[in-house]
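Below you'll find the structure, written out as structure tokens, and then a few comments.
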Number of protein chains: 2
Amino acid sequence: MKRFLCEKTDDEVRKAILDAAEKRFKQYGFKKTAMSELAEDVGMSTSNLYRYFSSKLDIAEAFALRCFAEKEIGLQLLLEKPLDSAVDSLVVYAKGLLQYNFDQLYVYPAINDMIMALCEASSEMVDKKREGELSILKVILKKGQEEKCWEIDDLDETGLAIMASWVMFSTPTFMRHQTLEQLEKRLSNLLNLIITGLKVRE
Amino acid sequence: MKRFLCEKTDDEVRKAILDAAEKRFKQYGFKKTAMSELAEDVGMSTSNLYRYFSSKLDIAEAFALRCFAEKEIGLQLLLEKPLDSAVDSLVVYAKGLLQYNFDQLYVYPAINDMIMALCEASSEMVDKKREGELSILKVILKKGQEEKCWEIDDLDETGLAIMASWVMFSTPTFMRHQTLEQLEKRLSNLLNLIITGLKVRE
DNA sequence: CCACTGAATATAAAATAATATATTCATAGT
DNA sequence: ACTATGAATATATTATTTTATATTCAGTGG
């Protein structure tokens, strides 16, 4: 026996495993998908999975990274329309993020389980998620600076403050209690506030 | 047998039950305090508790209302110093709220259980909590309006937007991952943002 | 009639036993 | 030497029983 199923490369095998994992994780969550099921899905023994991923958590993390990448690609696409001012970009980004989070929650029955499992087991993934979203936000903030329409002392701190203010719009517990319309309205008001500020303008 | 323990009024008995409940709820949480324990604490039979509260949840709600009142009194006290501008008031309020939430989390081992139980069982209490905090915030916002230093279209919507942005600073899950200093720094940046706004000022 | 209790019940929690699963490893085929 | 497997094990999940608890109510003493 030289190679798994018709001479696939390691990366191809890893991808096959991840594809199977993605389906099961999204539908059944972390705890309720078994390594043996993934093995069966890709047609190998359970023990052989460990030649491609060091653990179940390792698979989950790879799955999360794939989700993050997909999400970021989708959001970048929304932001590429060149007509947007920095204000428009910020609004598009914030609303896109909300829409994405909301959709995931309702399209994939077990995505919440998955998030909980990953948050508990891997603070690294929590950091990666924040860093990914923050880096896009910082591009928008910088654009605002360059357009001379925003005044920002510290891009990082401001970005983190904004992300902190968005927690309600990315946390399943809070999203579950409101409709998308309600969330969008609230986010819209918050964005206006962040952009304009409370202080009167002369 | 005419009256419970030396002719107490209904309100006094209710208070005695609530005092016992407060101690146990704070230390052991909702699920791990038993009606029979409360009954023993106040020296009556379990069944007699039901003459004063309709259910265990009813006791927990009364406890929550007491906590809310205590918290609001403490915050009002912080805000009473007359020297504060609206900006100062907002900062004092936000930081006071954070400090209060953070303290509770570390002083009372079971407060998180208690919060979770109440949030799950009684959306009414969740609303009451928000309404209480919102009403104080609105007083501050109105003060800023009157001082002509803030421009606010809709007090309610603006208040709700600000409250939404503070979710990270009042949710145990998020607070647990950061020190008070980190949280204060982040909140401080957010408050600056909300007050000043991103837009350049001429 | 009123304030209260103890037994009764239906439900929820804890403890336990039974099962399934993640991970390892010695071994086999190529 | 490389790829893969099945059996072994320790851990985690599920199913089951047992126990505790919330709530009700008929009844007791004043």
Side-chain angles (χ1 to χ4, degrees), chain A residues 1-18 20-21 23-25 27-63 110 112-114 116-118 120-122, chain B residues 1-18 20-21 23-25 27-63 110 112-114 116-118 120-122:
Chain A
M1 232 173 281
K2 259 295 175 220
R3 258 285 163 201
F4 170 73
L5 278 177
C6 2
E7 309 284 322
K8 281 186 182 167
T9 68
D10 272 23
D11 276 353
E12 285 169 339
V13 177
R14 280 177 62 94
K15 186 180 171 310
I17 295 169
L18 264 181
K23 279 184 196 151
R24 290 196 181 267
F25 281 155
Q27 185 156 22
Y28 307 111
F30 182 75
K31 282 189 299 189
K32 296 213 170 175
T33 89
M35 291 295 267
S36 59
E37 293 171 326
L38 298 181
E40 187 153 14
D41 288 348
V42 298
M44 63 167 62
S45 67
T46 305
S47 52
N48 204 34
L49 282 178
Y50 288 84
R51 298 179 29 74
Y52 299 96
F53 291 96
S54 70
S55 69
K56 192 180 177 185
L57 183 61
D58 193 27
I59 301 180
E61 288 177 341
F63 161 72
N112 192 33
D113 272 23
M114 208 57 218
M116 302 248 293
L118 276 165
E120 194 163 350
S122 170
Chain B
M1 235 174 282
K2 257 301 174 213
R3 258 283 163 204
F4 170 72
L5 279 177
C6 1
E7 307 285 324
K8 282 185 182 169
T9 67
D10 271 21
D11 275 353
E12 285 169 338
V13 177
R14 279 176 63 93
K15 185 181 172 308
I17 295 169
L18 262 183
K23 278 183 197 152
R24 290 195 180 268
F25 282 155
Q27 185 156 22
Y28 307 111
F30 182 75
K31 282 188 299 187
K32 295 216 170 173
T33 89
M35 291 296 267
S36 59
E37 293 170 327
L38 298 182
E40 185 153 15
D41 288 348
V42 298
M44 62 168 60
S45 68
T46 305
S47 52
N48 204 35
L49 282 177
Y50 288 83
R51 298 180 28 76
Y52 298 95
F53 291 95
S54 71
S55 69
K56 191 180 175 184
L57 183 61
D58 193 27
I59 301 181
E61 288 178 342
F63 161 72
N112 192 35
D113 271 24
M114 208 58 218
M116 301 248 294
L118 276 164
E120 193 163 351
S122 169

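Each chain gets a letter, A, B and so on, in the order its sequence line appears, and its residues count up from 1. Everything numeric in this text was worked out from a predicted model, so none of it was measured.
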Tell me: [atom1] of [X] to [atom2] of [N], nearest whole Å?
X: A:L49; N: C:dT21; atom1: CG; atom2: P; result: 14 Å
X: A:K32; N: C:dA20; atom1: NZ; atom2: P; result: 14 Å
X: A:D10; N: D:dC2; atom1: CG; atom2: P; result: 12 Å
X: B:M44; N: C:dC4; atom1: CE; atom2: P; result: 6 Å
X: A:F53; N: C:dT24; atom1: CZ; atom2: P; result: 15 Å

Quiz item: With a 4.5 Å heavy-atom cut-off, do A:K23 and A:T33 have their side chains touching?
Solution: no
Self-check item: Short N-O contact, A:D113 and A:K32, less than 4.0 angstrom
Solution: no
Practice problem: Kindly compute the distance separating CG (B:L57) from CZ (B:F63), expressed to the nearest 0.5 Å. | Solution: 13.0 Å
Practice problem: Can you figure out which of D:dT5, C:dC4, C:dT5 approaches the side chain of B:Y52 most closely? | Solution: C:dC4
Quiz item: Sub-3.5 Å donor-acceptor pair from the side chain of A:N48 to the main-chain atoms of A:M44, do we have one?
Solution: no
Quiz item: Can you tell me if B:K56 uses its side chain to pair, donor with acceptor, with the backbone of B:F30 under 3.5 Å?
Solution: yes
Quiz item: Looking at B:A21 and B:I59, what are the two nearest heavy atoms and their distance?
Solution: CB-CG2, 3.6 Å
Please list each protein N or O that sits under 3.5 Å from an N or O in nucleotides 19-25 of chain D, with the distance.
residue: D:dA22; atom: OP1; partner: B:T33; partner atom: O; Å: 3.4
residue: D:dA22; atom: OP1; partner: B:M35; partner atom: N; Å: 3.2
residue: D:dA22; atom: OP1; partner: B:K56; partner atom: NZ; Å: 3.0
residue: D:dA22; atom: OP2; partner: B:M35; partner atom: N; Å: 2.6
residue: D:dT23; atom: OP2; partner: B:Y50; partner atom: OH; Å: 2.8
residue: D:dT23; atom: OP2; partner: B:K56; partner atom: N; Å: 2.8
residue: D:dT23; atom: O5'; partner: B:Y50; partner atom: OH; Å: 3.3

